[in-house]
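No experiment lies behind these values; they were computed from the predicted model shown. As a basis for the values below, the full set of heavy atoms in this structure was taken, side chains included, without hydrogen atoms, waters or symmetry mates. Whatever order the structure lists ligands and atoms in, that order sets their numbers, starting from 1.
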Amino acid sequence: MASLDPLAAHHLETRLVHQGSFRSEFGETSEALYLTQGHVYASAEQCERRFAGDEAGFIYARFSNPTVGMFESRMAALEGAEAARATATGMAAVTAALVGQLKAGDHVVAARALFGSCRYVIEEFLPRFGVSSTLVDGRDLAAWRAAIRPETKTLFLESPANPTLDLVDIRAVAEIAHAAGATLVVDNVFATPLFQKPLELGADCVVYSATKHIDGQGRCLGGVILASRDFIDRHIQTYLRQTGPAMSPFNAWVLLKSLETLPIRVERQTRTAGVLADALAGHPALERLIYPGRADHPQAELVRRQMSGGSNLIALSIRGGKPAAFRMLNALRLILISNNLGDAKSLITHPATTTHQRFKPEERAEMGIGDGLVRLSVGLEHADDLMADLRTALEAASG
Ligand SMILES: *Cc1c(COP(=O)(O)O)cnc(C)c1O
């Protein structure tokens with residue numbers, strides 16, 4: 001199909017600087033921040049046409065906003081999606097992508113290794129409205145197949161999963177979904193839009209917490225839903241417009257500017273993560289090191305097929321359980337203890353006592369989250385400085 005988009009022939013880096021920009025009469029270089037709730041009309045007739053959808057244009061910031069629209073357009077270019085809708089947070093995007101498709105009596109199948117709040121929505125929230133779910137080991141394709149029921153409407157997964165960095169074969173799970181007449185939603189936060197393209201692998205919808213690498217500097221919350229125009233029109237558009245998890249124009253402006261530097265930030269972070277993972281692998285204080293960019297990742301073959309880079313997250317299993325993991329965290333001087341990720345600052349977290357605290361120890365074990373596991377999000381500091389900090393902290397972990 002011929003594209004009307006003049007930027008479509010350009011490389012991704014170019015589009016991330018220019019895509020979606022529209023200039024006001026003042027010809028500003030940097031995109032304008034339209035911090036407005038609403039818009040005014042030249043006449044009552046024009047207002048009527050806007051509401052009827054007979055004339056394109058803005059109405060109210062819960063529905064759409066020029067700055068949010070620029071961010072959505074740039075995200076769609078990045079993902080290679082027909083349409084994008086921004087939300088206030090990543091969880092608003094996940095919830096909309098699921099609830100927008102579902103009604104009482106429907107069934108969801110999801111990988112059980114998920115971000116804690118995604119599991120809450122599927123396990124605790126949806127059942128209150130008559131939507132049942134089955135959680136499976138995402139790595140086990142037979143388990144996905146066995147969980148499908150006639151009323152299964154959608155499948156949900158995260159790959160690599162938080163915090164264990166296990167992968168799910170997106171192409172295979174998309175085929176299982178489609179054979180059952182269901183859809184597949186992928187939370188692609190850990191891979192980032194640069195290193196994995198779920199829509200190309202057959203997913204119907206991709207969601208992001210833009211809070212993470214997309215902001216990348218720890219400032220704003222945000223979320224994005226990307227899919228075909230038809231999927232957005234059918235499942236997402238009305239849900240967002242009527243229930244209101246809209247992204248603030250201010251946050252959209254920050255995130256839009258962040259997209260200009262996303263490739264250079266994430267590529268550098270990933271390169272540093274690779275250096276650290278290679279230098280730390282086999283360290284005596286570690287039971288295991290899991291990094292999708294290394295040949296010893298348990299699913300290295302799938303990593304090669306599905307991802308074009310390892311991303312900036314490393315999982316470290318510290319010998320000696322929680323006390324040793326805490327000794328390590330407390331001995332770090334440069335790397336900060338924080339549950340966030342994707343930031344310019346390197347951040348480390350202990351999932352068993354934070355993001356996955358609400359689960360029973362057996363449930364955590366099932367997800368592969370041991371008491372010694374820590375998750376490192378590599379930032380933009382120099383690799384040598386990070387390495388020195390990690391070496392000192394791992395010595396402290398050994399006691
Ligand atoms: C952070 C995160 C979310 C939730 O995003 P928020 O912006 O905090 O609401 C969802 N999924 C994954 C994988 C995440 O890392």
Side-chain angles (χ1 to χ4, degrees), residues 68 71 75 79 84-99 108 110-126 135 138 156-168 170 184-196 198 203 205-226 240 243-248 250-252 254-255 258 266 269 292 307 311-315 338-343 347-351 354-359 367-369 373-379:
V68 177
F71 171 66
M75 275 304 306
E79 195 66 31
R85 290 306 318 268
T87 55
T89 66
M91 281 319 302
V94 169
T95 306
L98 293 172
V99 173
V108 177
R112 68 179 166 223
L114 290 181
F115 184 71
S117 298
C118 297
R119 267 198 61 163
Y120 170 82
V121 169
I122 290 167
E123 276 188 299
E124 314 275 337
F125 179 76
L126 292 179
L135 295 176
F156 182 84
L157 66 86
E158 201 178 289
S159 181
N162 177 32
T164 53
L165 309 182
D166 290 331
L167 265 68
V168 180
I170 296 173
L184 172 63
V185 179
V186 174
D187 180 336
N188 205 39
V189 165
F190 271 49
T192 82
L194 297 176
F195 296 136
Q196 182 167 271
C205 178
V206 180
V207 290
Y208 289 101
S209 165
T211 312
K212 311 295 166 57
H213 308 81
I214 293 172
D215 177 311
Q217 290 151 87
R219 300 160 298 186
C220 292
L221 299 179
V224 201
I225 305 166
L226 298 123
L240 293 182
T243 66
M247 176 179 277
S248 140
F250 178 80
N251 288 3
V254 171
L255 297 167
S258 277
V266 172
Q269 288 169 329
M307 298 178 71
S311 184
N312 74 318
L313 292 142
I314 306 173
S338 173
N339 50 289
N340 209 356
L341 61 98
D343 202 286
L347 305 176
I348 196 160
T349 189
H350 183 249
T354 57
T355 50
H356 293 72
Q357 187 185 131
R358 75 175 184 92
F359 295 102
M367 286 187 269
I369 303 169
L373 188 79
V374 299
R375 184 196 72 197
L376 172 64
S377 169
V378 176

What residue among Leu313, Val189, Thr192, Asn312 forms side-chain contact (heavy atoms from CB on, under 4.5 Å) with Lys212? Val189

Go through the steps for Glu79 and Val224 under the test side chain to side chain contact (heavy atoms under 4.5 Å, CB included), then give the verdict. CA-CA 11 Å; Glu79 195 66 31; Val224 201; over 6 Å; no

If we ignore angles and hydrogens, is there a donor and acceptor under 3.5 Å between the side chains of Arg219 and Ser258? yes

Pairs where residues 159-168 contributes a residue and the test salt bridge (Lys or Arg N to Asp or Glu O under 4.0 Å) is met, not counting sequence neighbours: Arg139-Asp166

Quick check for students: name every N or O atom pair between ligand 1 and the protein closer than 3.5 Å, with distances.
{"residue": "ligand 1", "atom": "5 (O)", "partner": "Ser209", "partner atom": "OG", "Å": "3.0"}
{"residue": "ligand 1", "atom": "7 (O)", "partner": "Gly90", "partner atom": "N", "Å": "2.8"}
{"residue": "ligand 1", "atom": "7 (O)", "partner": "Ser209", "partner atom": "OG", "Å": "2.8"}
{"residue": "ligand 1", "atom": "7 (O)", "partner": "Thr211", "partner atom": "OG1", "Å": "2.6"}
{"residue": "ligand 1", "atom": "9 (O)", "partner": "Gly90", "partner atom": "N", "Å": "3.1"}
{"residue": "ligand 1", "atom": "9 (O)", "partner": "Met91", "partner atom": "N", "Å": "2.8"}
{"residue": "ligand 1", "atom": "11 (N)", "partner": "Asp187", "partner atom": "OD2", "Å": "2.6"}
{"residue": "ligand 1", "atom": "15 (O)", "partner": "Lys212", "partner atom": "NZ", "Å": "2.7"}

Return yes when atom OH of Tyr120 has more than 12 non-hydrogen atoms of other residues, nucleotides or ligands closer than 6.0 Å, and no otherwise. yes

Report yes if some heavy atom in the side chain of Ser377 is under 4.5 Å from a heavy atom in the side chain of Asp343; otherwise report no. no

